[in-house]
Visitor: 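Would you mind keeping the following structure in view while I ask a few things?
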Amino acid sequence: MKYRIFGITAAVLMIAAVILCLYIDADEKDVSRYHQHMSARQPDEGCDCDGSELCTHLPLLIIDTDGKEIPGVPLNDSSPDEEVFSTAEDGSTTIQASLKVIDNGDSNNHPGDEAAIESMMSIRVRGNSSRYFDKKGYLIGLTDDSGEKNREEPLLGMDEFDKWALHGPYLDKSLIRNYMWYNIAGEMMDYAPNCRFCEVILNGEYQGLYLLVETIDSSADARLRLSEPEDNSEQVSFVLRMDRGSSNPNKNITTFTQYAYRSTMIMDIVYPGTGELTEERKNYIEDSFSDFEKSLYSYDYDNGSYKWQEWTDVDDLVDYFLINEFTCNYDAGSLSTYFYRDIRGKYRMCIWDFNSACDNYYLTQTEPQHFQTQYVPWYYMLTKDEDFTEAVIERYRELRKTYFSDEYINDYVDKTVEYLGPAVERNFDIWGYTFEEFTPLEPDERNPENYEEAVQQIKDFCKERGEWMDDNIYNLKQYSHESKVKKFNHDR
């Protein structure tokens, strides 16, 4: 009898374990962050080649468009009110090209080496203001040979996927802002895009240093790892982006924030993709996100289902606030602003694009020092809650001892630059003219005159920013102080 009881108990425990694995909050992910400069082949490990061709410790991406121009370049004859971009001969926004990835791992890489991965792909110029730069960034989508079916590959050791962003640092003359802050955010938050430095050859011409980056997307086994849509269910996990909207109008939605005129930017659905996005699922996503927003705008923080904390991962929203505020990455909250939610979890945000961060914003400078993220639509409300403001302050104090400390940042910068090694000089053999001819920052003394100054700019900014925030972080309390918000609040 006792063996029967033991067997039943064991079976029950096993079933419970399976259920726990199935229903464990999708927010819990145990994926270690890979920092390329810490783990990959270093520049001083040497090479036994004869020096007749490019030899690099970094991976090589070789792109061949068969002579076709890559579409997406802004056209000069566009009207002031409308941006017009080049297209392929057939009017499409992408062209087919071939890609070779040379990534030997245990030896340096050369254009003539055997490719680790070969694939056809679609390619176009990507970015907003960066489309106008001489050094272009690209969006690539791996395909089969016919170009009709997506193909997933684990490029440069990252998870298998078909869509990738190829970022060409141009405005950022340090070359490392996105790499650095994506990886630091990846240590702090649930997810931040993984990325790898590489060098690019396009149609036989060396293009310099690039950063291959995961786009913010999902599958069951990659990137955000959200639950995939189930047949006959309108309820789905989803990713939303606030920006200029999708070229596919079926993916654009109207949220409560837009309805309330808190923002003029457009929300579009990034995930699920078009093939999985039924009208019912679109309506579910639109209603779900609007319900979350209404819980914020209700000013009734403790009222059951309208308590915003029930909808969100508070720690994640705190970290998003701080990493963008510490770096003065002030496009966040209007452009390239991502929310995501697993059907079993809570709302989180994902960082994107630090090209203009750390005093590199070419439209305005970050002096005098101030806080700005509290004016972003959702944070305008979040910072009215005293508990949220206290969480921001407490978390900031923790981060100043770790990822936001002067020692950590300076060390991260120095070791990343050391890892890039001779790739920096090769890059500026092509793009070095930018130190004299591309000086968009105002006043002019903000523009670095050489690479060393560009790197020092990050260190100096972070040191000054940290010192200022140390002295002023408690000023955030004014936005949730009773004298500021009592006209909105109900009796509680």
Side-chain angles (χ1 to χ4, degrees), residues 33 35 128-130 167 169-189 191-193 195 211 213 216 315-338 349-376 379 383 392-393 395-414 416-417 440-441 446-448 453-473 475-476:
R33 189 74 185 187
H35 299 258
N128 292 317
S129 58
S130 60
H167 166 63
Y170 186 78
L171 175 65
D172 174 18
K173 295 172 185 175
S174 77
L175 310 174
I176 69 172
R177 277 178 170 83
N178 275 333
Y179 173 84
M180 174 180 177
W181 291 109
Y182 286 169
N183 283 327
I184 291 176
E187 293 286 357
M188 293 167 50
M189 303 177 70
Y191 172 80
C195 55
L211 190 68
V213 186
I216 300 175
D315 292 342
D316 191 82
L317 268 62
V318 165
D319 281 348
Y320 185 91
F321 180 99
L322 283 170
I323 197 167
N324 286 295
E325 191 60 63
F326 184 81
T327 61
C328 294
N329 190 36
Y330 289 147
D331 275 347
S334 57
L335 299 174
S336 300
T337 301
Y338 291 83
M349 299 186 75
C350 185
I351 55 93
W352 184 257
D353 192 2
F354 287 78
N355 202 33
S356 300
C358 300
D359 200 26
N360 201 44
Y361 193 47
Y362 70 98
L363 293 178
T364 59
Q365 64 183 113
T366 53
E367 294 290 345
Q369 295 268 16
H370 65 287
F371 292 115
Q372 187 165 317
T373 310
Q374 73 278 4
Y375 298 121
V376 169
Y379 285 101
T383 52
V392 168
I393 293 170
R395 176 62 166 158
Y396 173 74
R397 295 300 185 196
E398 294 174 359
L399 290 171
R400 277 293 277 167
K401 299 174 184 176
T402 54
Y403 302 118
F404 287 1
S405 71
D406 294 345
E407 295 77 14
Y408 183 90
I409 290 172
N410 289 339
D411 185 67
Y412 203 99
V413 169
D414 288 341
T416 301
V417 170
L441 305 183
R446 291 175 60 213
N447 294 286
E453 287 188 12
V455 172
Q456 190 63 43
Q457 180 189 47
I458 295 178
K459 294 182 179 180
D460 291 345
F461 169 84
C462 291
K463 183 176 187 298
E464 294 171 8
R465 183 63 174 168
E467 291 175 349
W468 183 87
M469 286 184 66
D470 290 347
D471 292 338
N472 292 274
I473 191 68
N475 290 349
L476 287 174

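Treat the numbers as computed from the prediction; the structure is a model and nothing was measured. Numbering of residues begins at 1 and proceeds along the displayed sequence.
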Visitor: Find the distance between OH (Y179) and CG (D172) and round it off to the nearest 0.5 Å.
Guide: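 The CG atom of D172 is 14.0 Å from OH of Y179, to the nearest 0.5 Å.
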Visitor: Ignoring hydrogens and geometry, is there a side-chain-to-backbone donor-acceptor pair from Q372 to E325 under 3.5 Å?
Guide: no
Visitor: To the nearest 0.5 Å, what is the distance between CE (M189) and CD1 (I323)?
Guide: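 Going from the CE atom of M189 to the CD1 atom of I323 covers 7.0 Å.
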Visitor: Quick check: do E187 and H35 have side-chain heavy atoms less than 4.5 Å from each other?
Guide: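 SC-SC contact between E187 and H35 confirmed.
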Visitor: In Å, rounded to the nearest 0.5 Å, how long is the span from CD of E467 to CZ of R400?
Guide: 7.0 Å
Visitor: With a 4.5 Å cut-off on side-chain heavy atoms, are P169 and N178 touching?
Guide: no
Visitor: So, using salt bridge (charged side-chain N to carboxylate O under 4.0 Å, His left out) as the criterion, who are the partners of D414 when residues are at least two apart?
Guide: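 Scan of D414 (salt bridge (charged side-chain N to carboxylate O under 4.0 Å, His left out), adjacent residues dropped) gives K459.
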Visitor: Tell me, do M188 and F404 make a side-chain contact under 4.5 Å, heavy atoms counted?
Guide: yes
Visitor: Just by modelled atom types, is the Y396 backbone N or O under 3.5 Å from a matching donor or acceptor in the E398 side chain?
Guide: no
Visitor: Is the ring pair Y182/F354 parallel, tilted or perpendicular, if the boundaries are 30 and 60 degrees?
Guide: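 Aromatic pair Y182/F354 classed perpendicular.
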Visitor: If you compare all heavy atoms of N447 against all heavy atoms of P440, which two are closest, and at what distance to 0.1 Å?
Guide: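 For N447 versus P440, the nearest heavy atoms are OD1-N, 3.4 Å.
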Visitor: Would you say R177's side chain and A357's backbone share a donor-acceptor pair under 3.5 angstrom?
Guide: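 At least one qualifying donor-acceptor pair exists.
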Visitor: Working to the nearest 0.5 angstrom, can you tell me the gap between S129 OG and L335 CG?
Guide: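 Output value for this atom pair is 9.0 Å.
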Visitor: Does the ring center of F321 lie less than 6.0 Å from the ring center of Y379?
Guide: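 They qualify: ring centres under 6.0 Å apart.
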Visitor: Under the criterion side chain to side chain contact (heavy atoms under 4.5 Å, CB included), I'd like the reasoning laid out for W181 against F326: C-alpha separation, chi angles, the key distance, then a yes or no.
Guide: CA-CA 11 Å; W181 291 109; F326 184 81; 4.0 Å; yes
Visitor: Are the side chains of L171 and S356 in contact, using a 4.5 Å heavy-atom criterion?
Guide: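 A side-chain contact exists here, since the closest heavy-atom pair is under 4.5 Å.
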Visitor: Could you measure the distance from the OG1 atom of T402 to the CD1 atom of I409? Nearest 0.5 Å is fine.
Guide: 9.5 Å
Visitor: Taking D319 for the side chain and A185 for the main chain, is one N or O donor matched with an acceptor at less than 3.5 Å?
Guide: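 No.
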Visitor: Go through R465 and D359 one step at a time and tell me if the side chain to side chain contact (heavy atoms under 4.5 Å, CB included) criterion holds.
Guide: CA-CA 10 Å; R465 183 63 174 168; D359 200 26; over 6 Å; no
Visitor: List the steps and the verdict of ring-ring contact (aromatic ring centres under 6.0 Å, His included) for F371 and W468.
Guide: CA-CA 10 Å; F371 292 115; W468 183 87; 4.8 Å; yes
Visitor: Is it the case that the side chain of N472 and the backbone of H370 share a donor-acceptor pair, with hydrogens and angles ignored and the cut-off at 3.5 Å?
Guide: no
Visitor: Any chance you could measure I458, atom CD1, to M180, atom CE, to the nearest 0.5 Å?
Guide: 6.0 Å
Visitor: Yes or no on side chain to side chain contact (heavy atoms under 4.5 Å, CB included) for V392 and L476, after CA distance, side-chain angles and deciding distance?
Guide: CA-CA 9 Å; V392 168; L476 287 174; 3.8 Å; yes
Visitor: Are T337 and W352 close enough that some pair of their side-chain heavy atoms sits under 4.5 Å apart?
Guide: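 When only atoms from C-beta onward are counted, W352 and T337 do not touch, as no gap falls below 4.5 Å.
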Visitor: Less than 4.5 Å apart, any side-chain heavy atom of D406 and any of C462?
Guide: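 A side-chain contact is absent here, since even the closest heavy-atom pair is not under 4.5 Å.
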Visitor: Hey, are Y361 and N329 close enough side-chain-wise for a donor-acceptor pair under 3.5 Å?
Guide: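 Y361 and N329 do not have a side-chain donor-acceptor pair below 3.5 Å.
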Visitor: With a 4.5 Å cut-off on side-chain heavy atoms, are R397 and D470 touching?
Guide: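 A side-chain contact under 4.5 Å exists here.
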Visitor: Are the side chain of S405 and the backbone N or O of K401 linked by a donor-acceptor pair below 3.5 Å?
Guide: no
Visitor: Under a 4.5 Å cut-off applied to non-hydrogen side-chain atoms, are N410 and K463 in contact?
Guide: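 Counting from C-beta outward, N410 and K463 never come under 4.5 Å.
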Visitor: Walk me through whether Y320 and I351 qualify under side chain to side chain contact (heavy atoms under 4.5 Å, CB included).
Guide: CA-CA 7 Å; Y320 185 91; I351 55 93; 3.8 Å; yes
